[in-house]
Amino acid sequence: MLLQVSNIRKSYGIDVILQDISMQVLERERIGLVGVNGAGKSTLLKIIAGELSFDSGAIHKAKETRIGYLAQNSGLQSDRTIEAEMRAVFAHLLDAEQELRQLEQQIADPELHNQPKRYEEVLERYARRSDWFREQGGFEINTRINSVLHGMGFGEFPSDTKIATLSGGQKTRLALARILLQSPDLLMLDEPTNYLDIPTLTWLEGYLRSYSGAILVVSHDRYFLDALATTIIEIERHAAKRYTGNYSRYMELKSAEYESELKQYEKQQDEIAKMEQFIQKKHCTSFDNKTCAKPA
Ligand SMILES: Nc1ncnc2c1ncn2[C@@H]1O[C@H](COP(=O)(O)OP(=O)(O)OP(=O)(O)O)[C@@H](O)[C@H]1O
Ligand SMILES: [Mg+2]
């Protein structure tokens, strides 16, 4: 299990937003989080992301679990260029690449060849660092950046475009591109499909479907949820309920639930009417007939 949310309660003043929220996220799970406007979806994601406090309950996750969170309508604010911002995601690999270049220079230096022990050490460090670099995908950085930028509609943009000059919608798409490149273990996206045109939306669906981590996504787009989600969690009346399947399946289960609640209600009404009749009858037999007169 990746994440366990237990009995979370959150209120703003006297307004209870989330009452008793419990849910879990499993590895590679694709969860669609739904609910009416104001139900508390964004509030719950913020709490899980650690950006908002809560009144009681607990959130458990393994220490090494990396969570990536894209807030609703959040554009990327940065003084950098598109290219610099995307490359910054891989800062740890780019540092390693620089170190590898330095080690190569040392290895080529004839001075070092006169110190066999030192030479061995440098060679060994070089071997270890280059293995790590390859395992972490260091050789694919540019391909990954180009593919995500292209998919998110930035294919035609010069890479030295300043982010500050982009429109609000473009900044949102770029924020999404960056979080995809970060590839966290749990990807939490709050309404990611706003501002996306059809080709970008289609690309995003495909990318998320083959994503190796878990996904928790808030969306009002039922087609998007149908294409992606394998579980739906609904926040209703301050509580969370889990439905297995995509959005269409959730709608079927909801309507079956509604039908059965309606039947239950009708049955109760029937029983109440019978009970009233029974009481009325009893009343009439125990008292004189005047008290049995029906009220006008
Ligand atoms: N800082 C705040 N102070 C007081 N109330 C707040 C605050 N932030 C959110 N709320 C209230 O909490 C409730 C839940 O808000 P939230 O943004 O989580 O809803 P949502 O399910 O994401 O809605 P939407 O689908 O419109 O994005 C709303 O009634 C909102 O007005
Ligand atoms: Mg919201």
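First listed ligand is number 1; within each ligand, the first listed atom is number 1. On a predicted model such as this, the values are computed, not experimentally measured, just so you know.
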Going by the atom numbers of ligand 1, which of them fall below 4.0 Å from some non-hydrogen atom of Gln72?
27 (O)
Nearest option to atom 23 (O) of ligand 1, as decided by whichever heavy atom of Ala39, Ser11, Ser219, Gly38 sits closest:
Gly38
In the protein, which heavy atom is nearest to atom 17 (O) of ligand 1, and how far is it?
Ser42 CB, 3.7 Å
Using a 4.0 Å cut-off to any heavy atom of Thr43, which atoms of ligand 1 qualify?
14 (C), 15 (O), 16 (P), 18 (O)
Is atom 31 (O) of ligand 1 touching the protein, meaning some protein heavy atom lies under 4.0 Å away?
no
May I ask you to decide whether Lys241 forms a salt bridge with Glu236, counting only side-chain N to carboxylate O separations under 4.0 Å?
no
Among all protein non-hydrogen atoms, which one is nearest to atom 25 (O) of ligand 1, and what is the separation to 0.1 Å?
Lys41 NZ, 2.7 Å
Is the Mg ion (ligand 2) less than 2.8 Å from at least one N/O/S atom of Ser42?
yes
Side-chain heavy-atom pair Ile279, Glu276 within 4.5 angstrom cut-off:
no
Using a 3.5 Å cut-off on N or O atoms only, is Glu191 in polar contact with ligand 1?
no
Counting heavy atoms not belonging to Ile198, are there more than 12 under 6.0 Å from its CD1?
no
With heavy atoms and a 4.0 Å threshold, my read on which part of Asn37 contacts ligand 1 is both
Partner of Arg129 under salt bridge (Lys or Arg N to Asp or Glu O under 4.0 Å), chosen from Glu124, Glu99, Glu135, Glu104:
Glu99
Using salt bridge (Lys or Arg N to Asp or Glu O under 4.0 Å) as the criterion, point out the one residue from Lys41, Arg242, Lys254 that pairs with Glu234.
Lys254
For atom 4 (C) of ligand 1, what is the nearest protein heavy atom, given as residue, atom name and distance?
Tyr12 CG, 3.3 Å
Taking distance alone, no hydrogens or angles, what donor-acceptor pairs closer than 3.5 Å link side-chain atoms of residues 142-157 to residues at least two apart or in another chain?
from	atom 1	to	atom 2	distance (Å)
Asn142	OD1	Arg87	NH1	3.0
Arg144	NH2	Leu181	O	3.3
Asn146	ND2	Asn142	O	3.3

NZ or CZ of Lys10 within 45° of Tyr12 ring axis and under 6.0 Å
yes
I want to know whether Phe133 and Phe139 have ring centres closer than 6.0 Å.
yes
If the contact criterion is a heavy-atom separation under 4.0 Å, does Gly35 count as touching ligand 1?
no
Indicate the ring-plane relationship of Tyr243 and Tyr250, choosing parallel, tilted or perpendicular according to the 30° and 60° boundaries.
perpendicular
Please find out if the Mg ion (ligand 2) and some N, O or S atom of Asn37 are separated by less than 2.8 Å.
no
Any His220 heavy atom less than 4.0 Å to ligand 1:
yes
A student comparing Val34, Ile17, Leu45 should find that the heavy atom closest to atom 12 (O) of ligand 1 comes from Ile17
Among all the protein's heavy atoms, is there at least one whose distance to atom 2 (C) of ligand 1 comes out below 4.0 Å?
yes
Is any side-chain heavy atom of Asp55 less than 4.5 Å from a side-chain heavy atom of Leu18?
no
